[in-house]
Trainee: 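Below you will find the structure I want to go over with you.
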Amino acid sequence: MAIFEYAPAPETTKAAIREQYGLFIDGKWTAPRTGQYFDTVNPATEEPLARIAYAGEEDVERAVRAARKAYDKYWRKMRPADRAKYIYRIARAITERSRELAVLETMDGGKPIKESRDFDVPLSAAHFFYYAGWADKLEWAMRAGEEPKPIGVAGQIVPWNFPLLMAAWKLAPALACGNTIVLKPAETTPLTALALAQIAAEVDLPPGVLNVVTGDGGTGAALVGHEDVDKIAFTGSTEVGKAIQRSTAGTGKRLTLELGGKAAHIVFADAPMNQAIEGVVNGIYFNQGHVCCAGSRLLVEESAHEEIVVRLTDRIQTLRLGNPLDKNTDVGAINSKMQLDKIKELVGSGVDEGATLVQQSCVLPERGYFFPASFFTNVQQSHRIAREEIFGPVLSILTFRTPEEAVEKANNTPYGLSAGIWTDKGSKNMYIAQYLRAGVVWCNTFNQFDPSSPFGGYRESGFGREGGVHGLREYLAH
Ligand code: NAP
Ligand code: MG
């Protein structure tokens, strides 16, 4: 129990939120042809923040037409070094408005301000800076003799867990390669995508190069189904990803899918234990566990199991849950009521199936969607909590006795996005890493990201890469 309590330290909320947002099409704010609007709420207070336009098929059509015109008229023809200047300007505008963007992201989505301030926003800017540098060097991403060519109009669909960052991951390489874009943010977190549209207007990005259509899954489906879209880049659930793959099959559209995960986080008994515990905590409680690559299956060497459970039990008591705008908050709000219900249902299934639940003891705020940092022991491989993505602050702990068993259990999942290994022995790290079927393997660290480093999965975690030169190629014709 802490002797001293932190005084509240909330960030001021003078983020410029408009009462109502239209769609951003052809460089202008426009009313939706559907005539419909919906509210985006602050999940920490359940209060509406703004009214958001609902884009239907006709609006998607207008956005795609604007993107096509901009592609043919300016963007594909522009000197690559000039394209780079626009992307640099977007990057600088993000850094200039970093505080406002962090507040918007936290209010709209529920993540702690320290995360949006220190992770989401700076990394988003870094992606624009990085890909701006590539715009006039694209031939270096090609095989000898190949000429770099854009694909055309890209439809980009992003989820609610990293709204600005996922948009940045998609926009920056697409723009650098000369494509134009229709971006569809998630229904619960449209505000930072709309702020990006404002930034695009402020930096004089030619009209139609970036269009933002807000709405729900229906809006996304209309974008996927539009025949003049040349490429779909989707980040979201495996279920929707599969539906998109089915509907784009045979159409000639290029497709990348960044889907779900159920990452194995392996801790050997010889691991540097203080660091490993912090890695585990970061791996699952970062962003309330709303992380596709979250280390949600902890595999611990049997001889260290007891020690790790004791340490984790203590450690989660020190996490501060509450107002996401407070600079001291570690665990913010769950993104939506729907997601909270999903987490509760899966946690209930874990208890019913016989696993043992340990939770931080804290008083949950009266309003808003919150769930305490939790973990399960006595988990069987067959339990739903060991197989299904919970996408919340809930860890499942399993054990292993040999490195081979660790690998076998780690790979016993339909997903393949990320994995982590903690051991004091470098050779063991390398040995295990080569057998893990995951797009990213972190050794003695977790959740490390850099724009130059590719990220993506395989099997049910999707295909295609974002980041680095690999991410660039996804936006070049071949
Ligand atoms: P989701 O339901 O699949 O939604 C993702 C996006 O797709 C949202 O913008 C959503 O719109 C839209 N959408 C929904 N139905 C659609 C349809 N039929 N056609 C086209 N678009 C449609 O996923 P989520 O629950 O929001 O996000 C969480 C998932 O994303 C998790 O599984 C997580 O692992 C995954 N994720 C993966 C990565 C990665 O890089 N691999 C990164 C982050 C998250 P609405 O929200 O407006 O309905
Ligand atoms: Mg919201």
Side-chain angles (χ1 to χ4, degrees), residues 17 38-50 52 54-55 60 104-111 155-163 165-167 169-170 183-194 212-226 229 232-248 256-263 287 289-294 296 324 333-339 342 368-369 388-392 415-418 438-440 449 454-467 471:
I17 304 182
F38 61 95
D39 284 341
T40 187
V41 302
N42 179 340
T45 62
E46 299 175 49
E47 274 157 22
L49 292 168
I52 308 294
Y54 180 85
V60 169
L104 276 181
E105 198 75 316
T106 284
M107 289 179 80
D108 206 12
K111 67 174 69 200
Q156 304 186 326
I157 301 172
V158 293
W160 43 260
N161 56 343
F162 294 96
L165 185 63
M166 291 300 104
W169 280 20
K170 292 188 165 30
L183 174 71
K184 176 5 216 132
E187 185 182 355
T188 58
T189 53
L191 291 183
T192 44
L194 293 164
V212 179
V213 288
T214 43
D216 64 5
T219 313
L223 185 55
V224 170
H226 197 292
V229 170
I232 291 290
F234 172 80
T235 297
S237 59
T238 296
E239 189 193 344
V240 175
K242 284 181 180 175
I244 291 178
Q245 191 170 15
R246 273 194 297 273
S247 82
T248 53
T256 42
L257 295 175
E258 299 275 4
L259 309 177
K262 189 78 183 172
N287 199 24
H290 301 328
V291 182
C292 50
C293 52
S296 53
I334 301 302
N335 184 267
S336 66
K337 166 95 173 40
M338 220 172 85
Q339 188 58 28
K342 186 183 154 200
Y369 315 127
E388 294 178 31
E389 189 180 40
I390 302 177
F391 226 55
Y415 294 112
L417 191 56
S418 63
V440 180
F449 293 91
F455 182 87
Y458 56 107
R459 296 195 286 171
E460 296 219 350
S461 293
F463 49 78
R465 293 292 177 265
E466 293 186 309

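We count ligands from 1, going down the list as the structure has it; atoms in each ligand are counted the same way. Excluded from the calculations below are hydrogen atoms, water molecules and symmetry mates; all remaining heavy atoms, backbone and side chain alike, are included.
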Trainee: Is the distance between the ring centroids of Trp169 and Phe455 less than 6.0 Å?
Mentor: yes
Trainee: If I only include protein atoms of type N, O or S, how many are less than 2.8 Å from the Mg ion (ligand 2)?
Mentor: 5
Trainee: Taking all heavy atoms of Phe234 and all of Val240, pick out the closest pair and write down the distance.
Mentor: CZ-CG1, 3.6 Å
Trainee: Please find the pair of heavy atoms, one from Val224 and one from Thr248, that lie closest to each other, and give the distance.
Mentor: CG1-CG2, 3.8 Å
Trainee: Work out which heavy atom in Ala55 is nearest to a heavy atom in Val213; give both atom names and the distance.
Mentor: CB-CB, 3.9 Å
Trainee: Restricting to non-hydrogen atoms, name the atom on Ala186 and the atom on Lys184 that form the minimum distance, rounded to 0.1 Å.
Mentor: CA-NZ, 3.8 Å
Trainee: What heavy-atom pair brings Thr40 and Thr189 nearest, and what distance separates the two atoms?
Mentor: OG1-N, 4.4 Å
Trainee: Does CD belonging to Glu239 count more than 12 external heavy atoms closer than 6.0 Å?
Mentor: no
Trainee: I need the contact residues for ligand 1: any residue with a non-hydrogen atom closer than 4.0 Å to the ligand, ordered by chain then number.
Mentor: Ile157, Val158, Pro159, Trp160, Asn161, Met166, Lys184, Pro185, Ala186, Glu187, Gly215, Asp216, Gly217, Gly220, Ala221, Phe234, Thr235, Gly236, Ser237, Val240, Ile244, Glu258, Leu259, Gly260, Cys292, Glu389, Phe391, Leu417, Phe455
Trainee: Taking all non-hydrogen atoms of both residues into account, name the closest pair between Ser336 and Thr188 and its distance.
Mentor: CB-CG2, 4.2 Å
Trainee: For the side chain of Lys170 and the backbone of Ile157, is there at least one donor-acceptor N/O pair under 3.5 Å apart?
Mentor: no
